[in-house]
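Here's a structure for you.
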Amino acid sequence: MLDQKTVRTQPEAIAEALKKRGYSLDIAALKQLEAERRSVQGKTEELQQQSNSRAKNIGKAKAAGEDIAPLLAEVGQLKKDLAAAEHELAAVQASLETLLAGIPNIPADSVPEGLSEDDNVELRTWGTPRQFDFDVVDHVDLGDALGGLDFATATKLTGSRFAVMSGGIARLHRALAQFMLDTHISEHGYTEVNVPFIVNSDSLYGTGQLPKFAEDLFKLSDDRDLYLIPTAEVPITNMLRGDIIDDADLPLKFVAHTPCFRSEAGSHGRDTRGMIRQHQFEKIELVQFVRPDESDAALEGLTACAEAILQKLELPYRTVILCGGDIGFSSTKTFDIEVWVPSQDKYREISSCSSFGDFQARRMMTRYRNPESGKPELVHTVNGSGLAVGRTLLAVLENHQNADGSVTVPAALQPYMGGLDVIK
RNA sequence: GGUGGGGUGGCUGAGUGGCCGAAAGCGGCAGUCUUGAAAACUGUUGAGGGUUUGUAGCCCUCCUAGGGUUCGAAUCCCUACCCCACCGCCA
């Protein structure tokens, strides 16, 4: 959520900044609601004040032993007016709140112009896509031949966009998760957390998935208003919802390994083959809470942590900065890391690292006590995948495949595979 | 599942209808003292919002959340969520 005061007082400037996203802010509606809010709030507070002072007078009169009956008679109409005004105010504030909560974050200055992913800008590449001297097989056929990747059975168990892994591939998948987690803990200074995979709507509101993107989530039919997490970003970031953090504790860096559940509504027919787009996948998520002036550096650092995993796994990748039209709702700046997928002859997203500025912090009321002002001020949040495990598995299988259908285990993973160097 | 007790500021914890945005302590901040620090002492210290040129003043709201009673609610009633204790059941 953007700062209400800024939105209200400088709607034109906000609207201009949001154009970079291709978002058009309804200034007229905003101004109208704001004018209404102002008058209704003024009226309500005046009535509240009257009501308060009369109640006090009644208290004094009673204490003095006076007859309070005439005073009581006076407040009848006031109470009715006040109730009506409060009702009206609540309605206006709810409308304003809905409008404000639906406004996306403002892209950072460094975010390039553009409306689609075609306008994203490549920042750097690492490694060189391998030249194969045999016909490249995609991970679905590779996995099928190895007997460890089975989509048909998963369809029987659940439906489309699920997979059953077994044997060496299941172990490789687990090894990848462990390896990433260990690397971030011991080499990058993150604290491991283990969090719930089911969250309430307040948490989803805090990180920005709700109220706008409910259709992307799996909601439990249980009447407790609970959802499966679409990413560990939600539980980790919300750990500090409503809290005031000690300045000395910043920056806070957390890493978690969780499953992620996404309905993929609206992506029917996209990436239907293989592990690219699943309803359930595992991810190692990195989250940082930082002081406002440190978020740019934190985003660079966090992205480097994610890239380090790909380097250790000897997987070629490139890093792009998303253009204004392609960044997520809550993000002010996003770097996507894309791994080389040989069967598709192109780079595919494997990590998305974003800075949210104070956008999430404002929704969550997560603050730190600024030693200079002594006041609680909003922190900045930064997060990213480090990495998506399923897509990494796919990349390892395809990039390290051999002519005989076997897959070479990258050296970094071998300790996690009991020393195994080839999956056959 | 049963019974009972609770959820108050950064933290601990008082407060059972008006004098309570809220005692006290801790912590924080400022000062005195000190070569410096600690200790001690003194003062100060919740958050959000409205109005406003204003970090001035005035005003509103907030004691888990949502309803209710009342002229008036941290305080009484109802509901939800959470915590604690004991009992039962069980991995």
Side-chain angles (χ1 to χ4, degrees), chain A residues 1-10 30-31 33-101 195-196 198-206 210 219-220 222-227 235 238-250 252 289 291 358-379:
Chain A
M1 182 134 70
L2 299 175
D3 177 41
Q4 282 204 29
K5 218 174 215 168
T6 314
V7 175
R8 288 198 314 248
T9 53
Q10 310 166 39
L30 190 70
K31 283 188 167 171
L33 269 175
E34 169 56 12
E36 220 172 303
R37 192 225 94 231
R38 184 186 286 242
S39 93
V40 175
Q41 183 164 342
K43 184 173 74 183
T44 305
E45 290 190 356
E46 193 187 315
L47 289 169
Q48 283 172 330
Q49 188 186 346
Q50 284 181 33
S51 170
N52 287 344
S53 70
R54 298 207 182 192
K56 261 178 200 162
N57 288 339
I58 291 173
K60 280 180 198 158
K62 206 176 172 187
E66 294 165 18
D67 179 18
I68 59 169
L71 291 171
L72 290 182
E74 268 181 42
V75 296
Q77 188 57 41
L78 179 62
K79 281 207 62 174
K80 280 184 200 159
D81 292 346
L82 178 58
E86 282 179 340
H87 193 75
E88 198 184 345
L89 179 62
V92 175
Q93 279 177 334
S95 306
L96 200 55
E97 172 73 21
T98 303
L99 200 157
L100 287 167
V195 292
I198 295 174
V199 293
N200 58 34
S201 57
D202 287 343
S203 295
L204 288 156
Y205 178 85
L210 290 180
K219 186 178 194 323
L220 272 53
D222 182 288
D223 60 9
R224 277 175 292 191
D225 195 29
L226 301 175
Y227 299 76
N238 278 281
M239 285 198 303
L240 293 162
R241 168 152 47 87
D243 288 356
I244 297 174
I245 306 167
D246 268 355
D247 178 71
D249 291 339
L250 293 173
L252 287 166
F289 296 85
R291 298 181 191 93
D358 59 16
F359 192 86
Q360 291 182 329
R362 185 173 293 107
R363 289 178 158 236
M364 296 192 300
M365 280 301 276
T366 299
R367 295 167 295 175
Y368 78 112
R369 202 168 283 280
N370 185 335
E372 285 178 30
S373 65
K375 294 283 180 191
E377 294 174 14
L378 297 169
V379 297

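Proteins come first, then strands; the chains are lettered A, B, ... in the order of their sequence lines, and each starts at number 1.
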Could you check whether any side-chain N or O of Asn200(A) sits under 3.5 Å from a backbone N or O of Asp202(A), counting only pairs where one atom can act as donor and the other as acceptor?
yes

Pairwise C1' distance, G5(B) and C89(B) [rounded to whole Å]:
22 Å

Does A73(B) have a Watson-Crick or wobble partner in any strand here, with both distances under 3.5 angstrom, and which is it?
none

The Watson-Crick or G-U wobble partner of C19(B), with both key distances under 3.5 Å, is none

Residues Lys31(A) and Glu34(A) bridged, charged N to O under 4.0 Å:
no

Any side-chain heavy-atom pair from Leu220(A) and Ile198(A) closer than 4.5 angstrom?
yes

Could you tell me how far G2(B) sits from U75(B) if I compare only their C1' atoms? Round to whole Å.
29 Å

If we take the C1' atom in both G36(B) and G13(B), what is their distance in whole Å?
36 Å

Output every pair passing salt bridge (charged side-chain N to carboxylate O under 4.0 Å, His left out) with a member in residues 42-59 of chain A, not counting sequence neighbours, ordered by first then second residue.
Lys43(A)-Glu88(A), Arg54(A)-Glu74(A)

Please give the distance between the C1' atoms of C86(B) and C63(B) as a whole number of Å.
29 Å

If pairing requires Watson-Crick or G-U wobble contacts with both distances under 3.5 Å, which nucleotide is the partner of G43(B)?
C29(B)

Would you find a donor on one side and an acceptor on the other, under 3.5 Å apart, between the side chain of Ser51(A) and the backbone of Leu47(A)?
no

Let me see the working for Gln41(A) and Gln93(A) under side chain to side chain contact (heavy atoms under 4.5 Å, CB included), right down to the final yes or no.
CA-CA 9 Å; Gln41(A) 183 164 342; Gln93(A) 279 177 334; 4.0 Å; yes

Any chance you could list the contact pattern along nucleotides 49-65 of chain B? Use B for base contacts, S for sugar-phosphate-only contacts and - for none, protein heavy atoms under 4.0 Å, 5' to 3'.
BSSS------BSS----

Asn370(A) side chain near Lys375(A) side chain, heavy-atom distance below 4.5 Å
no

For G57(B), give its Watson-Crick or G-U wobble partner with both distances under 3.5 Å, or none.
U51(B)

With a 3.5 Å limit on both atom pairs, tell me what G4(B) is paired to, counting Watson-Crick and G-U wobble, or say none.
C84(B)

Taking only the P atom of each, what is the distance from C58(B) to A22(B) in whole angstrom?
14 Å

Could you list the protein-to-nucleotides 66-75 of chain B atom pairs, N/O on both sides, closer than 3.5 Å?
residue: G72(B); atom: OP1; partner: Lys79(A); partner atom: NZ; Å: 3.0

P gap between C19(B) and G25(B), integer Å:
23 Å

Could you go through nucleotides 45-47 of chain B and list every protein N or O atom that sits under 3.5 Å from one of its N or O atoms, giving the distance for each pair?
residue: A47(B); atom: O3'; partner: Arg367(A); partner atom: NH1; Å: 3.1

Counterpart base for C89(B), defined by Watson-Crick or G-U wobble contacts under 3.5 Å:
none

Can you find a heavy atom in the side chain of Gln4(A) that is under 4.5 Å from one in the side chain of Glu97(A)?
yes

Ignoring hydrogens and angles, tell me if any N or O in the side chain of Thr366(A) forms a donor-acceptor pair with the backbone of Leu240(A) under 3.5 Å.
yes

What's the CG-P distance between Asp225(A) and C82(B), to the nearest Å?
13 Å

Backbone of Ala101(A) reached by a side-chain donor or acceptor of Arg363(A) within 3.5 Å
yes

Interatomic distance at C1', G6(B) relative to U45(B), whole Å:
29 Å

Please name all residues satisfying side-chain contact (heavy atoms from CB on, under 4.5 Å) with Thr6(A), sequence neighbours left out, ordered by chain then number.
Asp3(A), Gln10(A), Ile14(A)

Counter-base of G36(B), judged by Watson-Crick or G-U geometry with both distances under 3.5 Å:
none

Residues passing the ring pair (Phe, Tyr, Trp, His ring centres under 6.0 Å) test with Tyr368(A), sequence neighbours excluded, are none

Rounded distance in Å between the C1' positions of C29(B) and A14(B)
25 Å

